[in-house]
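Throughout, protein chains are lettered first and strands after them, A, B, ... in sequence-line order, and every chain is numbered starting at 1.
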Amino acid sequence: MFYREAGQFKTSYQADGQIFPILQDRLALLVLLAVAVLAVPLLASPYALSAILIPFLIFSLAAIGLNILTGYAGQLSLGTAAFMAVGAFASYNFILRIPGLPVLLGFVLGGLSAALVGIAFGLPSLRIRGFYLAAATLATQFFVVWCLTKIPYLTNYSASGVITAQPIVILGYAFDTPDRKYLLVLAVVAVMALLAKNMIRSNVGRSWMAVRDMDVAAEVIGFRLMRTKLLAFAVSSFYCGVAGALYAYAYLGTVEPEAYNLDLSFRILFMIIIGGVGSVLGSFLGAAFIVLLPVLLNVVAHSLALPTSVASNLELMAFGALIIFFLIVEPHGLARLWQIGKEKLRLWPFPH
Amino acid sequence: MQMNEPEAHFGVGRRETGPVILDLKNISLSFGGVKALTDISFDVRQHEIRAIIGPNGAGKSSMLNVINGVYRPQQGQIVYRGEVRKNMDCYAAAKSGIARTFQNIALFKGMTVLDNIMTGRNLKMKSNFLMQALYWGPARREEIAHRIKAEEIIDFLEIQAIRKTPVGRLPYGLQKRVELGRALAAEPEILLLDEPMAGMNVEEKQDMCRFILDVNDQFGTTIVLIEHDMGVVMDISDRVVVLDYGKKIGDGTPDEVRSNQDVINAYLGVGSEH
Amino acid sequence: QPAEQYIALPSYRVGPYAAGGSGFYGGIIDYFNLVNLSGGVNGVKISWEECETEYNPSRGVECYERLKTRNGGATLVEPLSTGVAYGILDRLAVDKIPMTMIGYGRSDAANGKVFPYVFPLITSYWNQAAAMIKYLGDKEGGVDKLKGKKIVHLYHDSAFGKEPLPVLEALSKQHGFELIKIPVTPPGSEQQSQWLQIRQARPDHVILWGWGSMNAVAIKTAQRNGFPREKILGVWWAGSEEDTVPTGDAAKGYSAMTFNTPGNYPVLDEIRKKLYANGKGNLADAARIGSVYHMRGVSAGILWVEAIRAAQEKFGKGKRVTGEQLRWGLENLNVDDARLKAVGAFGMLPSVKTSCDDHEGSGAVKVQQWDGKKWNAITPNWIVGDKALTRKLLEESSAAYAAEKKITPACLK
Amino acid sequence: MNINFFFEVLIGGLLSGVMYALVAIGFVLIYKASGVFNFAQGAMVYFAALTCVGVMDKLGVSLWIALPITVAVMILLGLSIERVVLRPLVNQPEISLFMATIGLAFFIEGLAQLAFGAQVRKLELPIEDVPSQYLMDNYNILVSQFDIMAALVCGLLVTSLALLFSKTKVGRALRAVADDHQAALAVGIPLQRIWAVLWAVAGMVALVAGMLWGARNGVQFALTFVALKALPVLILGGFTSMPGAIVGGLIIGASEKMAEVYIGPIVGGGIEGWFPYVLALLFLLVRPEGLFGEKIIRRI
Amino acid sequence: MTMTPASTAAAAPVAAPYLSVNNVEVIYDHVILVLKGVSLQVPQGKIVALLGANGAGKSTTLKTISTLLRGERGDVTKGEVQFKGERIDQLTPNELVKRGLSQVMEGRHCFGHLTIEENLLTGAYTRSASRGELKESLEKVYHYFPRLKERRQSQAGYTSGGEQQMCAIGRALMARPSMILLDEPSMGIAPQIVEEIFGIVKDLNSKENVSFLLAEQNTSIALRYADFGYILENGRVVMEGAAADLSCNEDVKEFYLGVSGAGRKSFRDMKFYRRRKRWLA
Ligand SMILES: Nc1ncnc2c1ncn2[C@@H]1O[C@H](COP(=O)(O)OP(=O)(O)OP(=O)(O)O)[C@@H](O)[C@H]1O
Ligand SMILES: Nc1ncnc2c1ncn2[C@@H]1O[C@H](COP(=O)(O)OP(=O)(O)OP(=O)(O)O)[C@@H](O)[C@H]1O
Ligand SMILES: [Mg+2]
Ligand SMILES: [Mg+2]
């Protein structure tokens with residue numbers, strides 16, 4: 001009843017081109033942001049902030065990155081964690097070796113390094129497609145982690161091969177408590193999500209989607225395949241790189257290259273598939289699903305007074321089963337489910 | 001632009017056919033053992049509607065593919081606007097004003113109708129991706145300017161109601177129309193249409209013809225058209241080239257072609273009343 | 001409600017390392033149950049909560065954050081995972097919760113001035129590496145006999161496998177043996193080329209610095225290539241039943257480091273009698289009692305309980321101690337042979353005495369050998385390597401860490 | 001260069017390649033029949049091996065009794081996967097199906113460990129993994145007799161499956177299904193039944209792989225990782241080709257060992273993890289569909 | 001408006017329906033209502049044409065019958081389909097083909113990697129035919145479509161649009177069905193061949209008693225060959241009747257045949273965009 005499009009006429013194309021053309025959506029987003037910025041840091045426990053919300057936001061960012069590449073540009077990739085690792089280790093080295101470098105700039109440089117690596121490993125995509133490309137991107141994954149363990153310079157010659165993120169200080173203000181870190185991450189993620197949304201509704205975004213849907217036709221229309229694909233790799237890796245840096249700086253603190261292993265790549269991939277391939281909202285929903293579900297299952301399973309190993313295994317099985325369940329309900333992911341829900345609501349109470 | 005107002009068409013005379021704009025000389029193309037095109041030459045004049053007809057597998061689509069650079073002919077030469085090209089490449093073709101539609105609809109299935117049409121305008125967009133990411137100033141103005149053009153095309157093709165629908169969900173006939181829209185969005189000099197009216201009923205074909213004629217009249221767009229409906233071909237085209245088994249067997253005005261015995265044997269069939 | 005001493009156990013019982021996780025945490029919990037049966041530590045019962053990490057750093061951090069505030073706040077944490085340990089390393093001092101890293105993690109964390117809340121108890125990788133060389137030297141009849149010998153370091157190609165390199169390299173220079181480093185890409189399910197290289201090099205000894213499935217594969221591949229297992233010496237993460245049983249007879253003669261002497265002890269008997277006989281054991285399979293991982297868990301339990309005891313001595317008997325107080329307990333641990341005898345574990349683990357400078361407390365290890373059925377200790381005494389060397393490395397490395405993190409090294413009270 | 005050693009490396013590599021191929025076959029089977037990359041293959045290998053030793057353990061029976069029981073379990077598993085997971089997902093985007101197999105992998109892993117516990121087990125096949133004395137004495141070359149048997153088994157498997165695909169109408173139908181689910185349904189190919197059968201066969205192949213790998217490395221969770229070794233084999237050989245799996249396996253096996261032994265020491269070693277992938281990648285640049293894979297048709 | 005749905009009832013087929021669709025309603029994606037209660041019948045041995053503008057729901061109707069809708073996230077929310085007196089809405093397409101009901105899908109859908117001949121052979125999957133029988137069937141298809149014989153060894157993905165269309169039709173014939181659902185068979189086919197295809201349809205119909213339900217845009221030819229016709233608009237049947245009656249109907253003439261009073265108008269002379277006329281909208 002309250003969710004209506006009717007009566008909201010767009011008088012300009014500008015208004016129609018908005019990210020959220022429906023007033024209720026805009027209001028909801030504003031409320032959400034207000035809650036996220038004002039209420040959450042006050043109300044949420046440090047646990048929720050530092051163990052749920054921060055990783056949730058960071059993973060969402062990585063998922064947006066992967067979604068740009070896989071969801072929008074159609075290039076299936078399993079190397080996400082590698083790009084995250086490049087972002088983290090590059091940021092670490094820039095901040096370490098350039099005295100006085102602002103941390104945020106360090107993240108940007110980390111992201112740019114990841115983008116460069118992304119371009120290098122994106123080159124094969126000009127010839128290879130689909131699962132072949134996916135399997136080939138594993139080369140990135142293994143190669144990058146190998147480099148990080150083999151080149152002591154990158155870990156500042158630490159004997160154990162781990163890096164310890166420098167404290168985050170921006171303009172003299174230390175982001176050292178969970179709520180501060182949360183706000184920093186939130187800001188970065190919100191801005192980057194907005195930028196992603198902008199790209200997607202402009203020509204770049206359309207070029208990616210065109211290449212995804214039918215690359216030959218895209219070429220005939222005048223998109224240059226090489227440029228488009230490499231740009232997608234670069235932008236995607238940039239996002240992943242920044243996410244990787246945040247993962248090290250705002251979340252783990254001390255990391256070994258192994259933290260960016262194949263497992264992490266897969267987790268990010270799960271997020272976009274479950275959330276919705278080709279949807280920024282889906283990246284968030286998917287990240288929430290993959291971050292929260294195991295926690296919920298863990299809490300539930302361990303409150304059943306089952307032997308721990310039984311509980312742990314049941315948890316794993318339930319996780320797998322729920323993934324399958326949601327895919328069967330909606331193969332296009334949670335974002336589509338959400339959209340259908342909204343469409344129903346829009347029509348409600350007169351369905352047809 | 002007021003091309004969606006029917007009245008506008010009264011009094012608008014057909015443009016005169018101009019000089020040769022595209023000249024194909026001795027094109028041969030084969031795939032492994034299959035000879036798709038053998039030594040074909042024909043030209044296209046500015047502003048004309050040029051039809052290509054022929055039985056299935058004659059090489060019509062391949063011909064279009066050669067023109068806009070999807071296929072590279074093994075032999076032959078393409079002269080476009082006076083420039084000789086051994087072969088085109090897709091991007092160069094698009095850049096120099098050749099747009100097309102495809103026989104097996106090649107729309108971007110996951111995108112909305114509006115976005116599909118907007119992709120057609122990509123070569124006209126100048127702002128770089130950073131500006132677009134910021135959606136700021138010039139990038140935003142540019143986007144809106146192009147949106148206006150796209151909306152004109154949408155109005156023209158009468159597909160307003162589906163502008164936000166993902167094209168994958170549309171019925172076949174409408175997809176054909178959207179594809180035409182995408183090609184039109186590029187404001188091409190030459191428009192290559194591969195069976196634009198397949199899968200339409202008479203009423204829809206009439207509309208489609210009208211669209212084509214209007215584009216041709218108003219913008220002077222040169223049109224190369226493949227179509228199996230002889231009624232349509234004979235009615236709207238200026239000249240027709242007939243292919244069979246990759247060879248040219250006829251070329252001329254519709255009337256000439258209609259009475260060409262080779263063409264009747266190979267394609268039209270006797271007693272075809274179209 | 002009686003006070004309880006709550007300990008956070010971010011454990012893992014599924015995934016690739018489930019076998020180790022279930023044994024280790026099973027041992028801890030068995031010991032806790034045993035202590036609680038006899039009334040707890042001076043009447044304070046121990047409570048704990050587990051959380052499945054799947055050995056994944058991100059999930060481990062979540063577990064830690066979730067567990068740490070439960071039940072009035074965790075007073076100790078043990079993730080048994082380097083990745084998870086690193087992920088929470090920075091948070092410990094803020095949360096004032098001590099963490100033990102029993103037999104893993106960065107060796108320089110033994111410096112309590114830089115890592116006040118971290119306790120790599122019993123022994124660290126560096127001391128283990130030093131002890132290994134000492135043992136090999138003794139086997140040859142003295143470390144000086146190592147001159148001109150060839151030792152292969154076959155390692156898990158990760159931070160873990162590279163950790164001992166500074167020690168091994170320094171010792172190779174010092175004693176004049178040739179060190180051949182051969183990495184194995186994790187997870188290491190294929191090692192044909194490495195073992196061919198080893199066979200080619202004809203080394204006198206092979207140090208197997210492996211983890212997880214890599215170990216069984218190494219032993220099997222050695223057999224396949226006809227390399228004598230007697231010449232292979234594994235680290236303690238390559239020295240459990242889980243590493244040898246799946247290889248069948250191939251592991252016969254293979255030896256590995258350990259900080260528990262295999263055998264039976266009164267404490268294990270009690271666990272059998274009081275817990276498993278009444279269906280209260282934590283292991284699914286009672287046959288695993290006294291297995292390497294289980295014993296390691298029991299040892300952890302013993303040390304923690306002793307730390308609690310020590311902290312209670314100082315801060316109030318019969319009362320729950322806080323994380324900060326337990327940290328003190330861990331830093332002032334003195335589990336000597338008498339104490340071990342009292343808890344029925346004499347000989348099971350070396351005596352442990354910690355201080356602010358030395359959060360490790362021992363550094364002594366043994367070598368055990370697999371006879372095809374079970375592990376047997378083959379060194380009657382605890383071995384300690386060149387501790388001066390490891391101390392030097394430790395100081396350097398932890399100083400670098402302190403500099404990077406802008407920490408001023410100091411002992412906490 | 002020591003020529004004898006060179007041959008040892010080469011042969012060792014080729015035989016390792018056979019082991020990879022064994023796992024790759026399972027992937028090819030499912031990919032060919034549905035165009036889906038079956039992420040759960042590794043989990044199935046683990047599940048099969050664990051079920052076999054688990055049954056031996058729990059029921060105290062011999063290998064020869066446990067094997068048929070495991071076969072039955074694997075068939076049941078295949079049938080249920082088709083019924084519960086695949087049937088509702090016919091004609092959905094490939095990536096969703098791929099994801100479903102990931103969910104499946106979790107489920108199977110949990111199920112296996114729940115049923116039989118997480119501890120590492122040994123699996124002893126009647127053939128021992130020691131160097132073949134015969135070859136040692138006569139040619140002074142070291143080859144494990146176990147590997148020779150594995151190669152034979154693998155060859156047999158590939159031949160019979162390749163024949164199935166190329167010579168029977170079911171094979172043709174499978175290729176049709178991989179191209180277009182909807183059209184395959186329309187011509188009356190009983191997609192459901194075919195999938196059920198195939199997943200059952202894939203379960204069997206997983207069992208064979210699980211037995212051999214399990215005997216080699218012990219039956220443990222890490223068996224699920226052997227899939228990672230099979231991937232470069234797949235891309236090199238082509239996702240859709242049985243012979244490709246074996247040829248790809250041999251190439252990957254031999255070249256990765258060569259690389260590790262001869263290039264590894266120069267760059268610090270441990271390159272086996274990525275080398276096969278890079279090799280396969282370079283190869284793809286020349287032939288984007290792999291050695292024997294079906295050519296990708298791009299036409300408009 | 002001269003004709004109401006009710007008044008056509010008299011013209012409805014009298015023979016017991018071979019295939020009958022009763023009041024089906026179809027929703028895509030849980031929200032898009034496409035068929036709003038469609039009913040139609042195909043008597044045995046007859047050819048029935050299903051006509052209608054783009055998006056009217058013709059293809060959806062055919063997919064409902066062949067139960068291929070499931071794969072496209074479409075749900076039949078109401079109504080039922082009967083074939084030979086049995087409900088078939090719960091059967092799998094494989095069972096339907098076995099019972100003699102085959103569909104030629106719109107938009108070709110050949111198996112790109114299979115050769116033309118292999119494509120045709122998959123069509124015979126449900127038959128347990130001997131090699132000889134298969135060969136005979138193949139020859140028959142090749143006889144109908146000589147072009148296919150020339151391209152028999154080419155991968156279908158590389159053949160021309162028309163060739164693929166022929167392949168799709170030929171493939172359905174290979175199953176020797178007793179009822180064929182044809183979705184736009186004439187699309188993209190040269191006029192001569194179109195006549196031939198319809199000739200084949202008539203042939204099969206009269207010689208082998210195969211029934212047809214064909215969705216077709218080429219109204220004139222469809223009505224020429226069909227016995228009955230249904231006109232679909234916006235997911236509803238708006239008109240039905242004997243083919244001959246329909247082709248005489250003024251509205252049909254104007255909107256579907258493009259002829260009005262003075263005979264066929266040239267496409268060039270259409271000065272106005274047609275305001276689409278709808279019976280119910
Ligand atoms: N998979 C789908 N998801 C959502 N909507 C669909 C889907 N398929 C078809 N539709 C919608 O259903 C309606 C009917 O489509 P259908 O394909 O049945 O029309 P048709 O009569 O066959 O048209 P045409 O003559 O163009 O082939 C259209 O409005 C279309 O947008
Ligand atoms: N990429 C290709 N590879 C191999 N053969 C091809 C390729 N493209 C076209 N052909 C062959 O070339 C011939 C001409 O094809 P083309 O698509 O040009 O025919 P057409 O005239 O458009 O026919 P239709 O009217 O059926 O669309 C056909 O026999 C076709 O099989
Ligand atoms: Mg064509
Ligand atoms: Mg249709």
Side-chain angles (χ1 to χ4, degrees), chain A residues 70-71 76 78 121 123-124 126-147 149-151 214-217 219-220 262 266 269-270 272-274 277 309-310 312-333, chain D residues 31 35-37 39-40 43 84-85 88-89 92-115 117-118 228 231-232 234-235 238-239 267-271 273-282 284-286 288-290 293 296 298-300:
Chain A
T70 301
L76 192 53
L78 295 175
F121 281 93
L123 282 170
L126 300 177
R127 265 184 82 71
I128 311 170
R129 283 145 238 282
F131 286 116
Y132 284 96
L133 180 65
T137 52
L138 283 173
T140 331
Q141 176 64 52
F142 295 124
F143 185 70
V144 166
V145 173
W146 181 81
C147 283
T149 35
K150 284 292 157 185
I151 306 176
M214 191 161 275
D215 53 359
V216 196
E219 222 176 344
V220 168
L262 187 59
F266 274 117
L269 184 68
F270 302 166
I272 70 163
I273 303 179
I274 289 284
V277 171
S309 57
V310 174
S312 290
N313 283 312
L314 282 179
E315 194 188 320
L316 197 64
M317 288 169 71
F319 184 61
L322 279 172
I323 287 180
I324 296 173
F325 172 78
F326 274 98
L327 284 172
I328 290 175
V329 173
E330 182 48 68
H332 294 275
Chain D
Y31 191 86
V36 174
F37 181 79
F39 189 82
V84 180
V85 184
L89 285 172
Q92 295 311 321
E94 274 172 13
I95 190 156
S96 306
L97 278 161
F98 171 56
M99 186 71 208
T101 64
I102 294 175
L104 193 62
F106 287 126
F107 189 85
I108 294 177
E109 284 162 12
L111 183 65
Q113 298 192 51
L114 187 68
L228 285 182
L231 283 185
L234 277 177
I235 34 183
F239 274 104
V267 294
I271 61 176
W274 55 264
F275 182 81
Y277 285 95
V278 172
L279 182 76
L281 189 84
L282 291 178
L284 282 191
L285 291 179
V286 184
E289 61 282 334
I296 301 156
R298 288 174 69 216
R299 245 200 99 195
I300 44 175

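- Between A:Met317 atom CE and D:Leu111 atom CG the span is 4.5 Å, to the nearest 0.5 Å.
- Listed by chain and number, the residues in a salt bridge (charged side-chain N to carboxylate O under 4.0 Å, His left out) with D:Glu109 amount to none (sequence neighbours excluded).
- Shown here for A:Pro124 and D:Leu281, the closest heavy-atom pair between the two residues is CG-CD2, 3.8 Å.
- Ranked by heavy-atom pairs under 4.5 Å with chain A, the list D:Leu231, D:Ile102, D:Thr101 is led by D:Ile102.
- Summarising the geometry, atom CD1 belonging to D:Ile95 is positioned 5.5 Å from atom CD1 belonging to A:Ile272; distances are rounded to the nearest 0.5 Å.
- For the residue pair D:Ile235 and A:Ala135, the shortest heavy atom distance occurs at CG2-CB, 3.6 Å.
- For the set D:Phe37, D:Phe107, D:Tyr31, the entry with the most heavy-atom pairs within less than 4.5 Å of chain A is D:Phe107.
- Interface remark: A:Leu123 contributes no atoms to any contact with chain D (heavy atom separation under 4.5 Å).
- When side chains are defined from C-beta on, A:Leu269 counts as touching D:Phe98, because their heavy atoms get closer than 4.5 Å.
- Residue A:Thr70 touches chain D through its side chain alone, counting heavy-atom pairs closer than 4.5 Å.
- For D:Leu284 against A:Ile128, the heavy-atom pair with the smallest separation is CB-CD1, 3.4 Å.
- Interface residue A:Phe266: only side-chain heavy atoms are found under 4.5 Å from chain D.
- Looking at A:Leu316, both its backbone and its side chain come within 4.5 Å of chain D, counting heavy atoms on both sides.
- Residues A:Ile324 and D:Val84 are not in side-chain contact: their nearest non-hydrogen atoms beyond the backbone lie 4.5 Å or more apart.
- Considering only heavy-atom pairs separated by less than 4.5 Å from chain A, the leading option among D:Leu89, D:Leu114, D:Leu104 is D:Leu114.
- Judged by distance alone, with hydrogens and angles left aside, the side-chain atoms of A:Trp146 form a donor-acceptor pair with the main-chain N or O of D:Gly269 at under 3.5 Å.
- If you measure heavy-atom distances from D:Gln92 to chain A, the contacts under 4.5 Å come from the side chain alone.
- Looking at A:Leu133, neither its backbone nor its side chain comes within 4.5 Å of chain D, counting heavy atoms on both sides.
- Between chain D and the residues A:Asp215, A:Thr149, A:Ile274, the most heavy-atom pairs under 4.5 angstrom are made by A:Asp215.
- Of all heavy-atom pairs spanning A:Ile328 and D:Val85, the tightest one is CD1-O, 4.3 Å.
- Put simply, the side chain of A:His332 reaches to within 4.5 Å of the side chain of D:Pro93, judged on heavy atoms.
- In this structure, the ring of D:Trp274 has its center no less than 6.0 angstrom from the ring center of A:Phe142.
- Most heavy-atom pairs under 4.5 Å with chain A, from the set D:Gly273, D:Pro232, D:Gly290, D:Gly117: that is D:Gly273.
- For a residue to count as touching a neighbouring chain, one of its non-hydrogen atoms must lie under 4.5 Å from one of that chain's; by this rule D:Leu97 does not touch chain A.
- Of the two parts of D:Phe275, neither the backbone nor the side chain holds a non-hydrogen atom closer than 4.5 Å to a non-hydrogen atom of chain A.
- D:Ser96 and A:Ile273 make their closest contact through CA-CG2, 4.5 Å (heavy atoms, listed as atom of the first residue, atom of the second, distance).
- The most heavy-atom pairs under 4.5 Å with chain A, out of D:Leu234, D:Leu279, D:Leu282, D:Ile271, come from D:Ile271.
- Per-residue heavy-atom pair counts under 4.5 Å with chain D were compared for A:Val310, A:Thr137, A:Leu126, and the maximum is reached by A:Val310.
- Between the D:Tyr277 side chain and the A:Thr140 main chain, no donor and acceptor come within less than 3.5 Å of each other.
- Heavy-atom distances place both the backbone and the side chain of D:Ala100 under 4.5 Å from chain A.
- In terms of heavy atoms, D:Phe239 sits closest to A:Tyr132 at N-OH, 2.9 Å.
- Looking at D:Val267, the atoms closer than 4.5 Å to chain A (heavy atoms on both sides) sit in the backbone and in the side chain alike.
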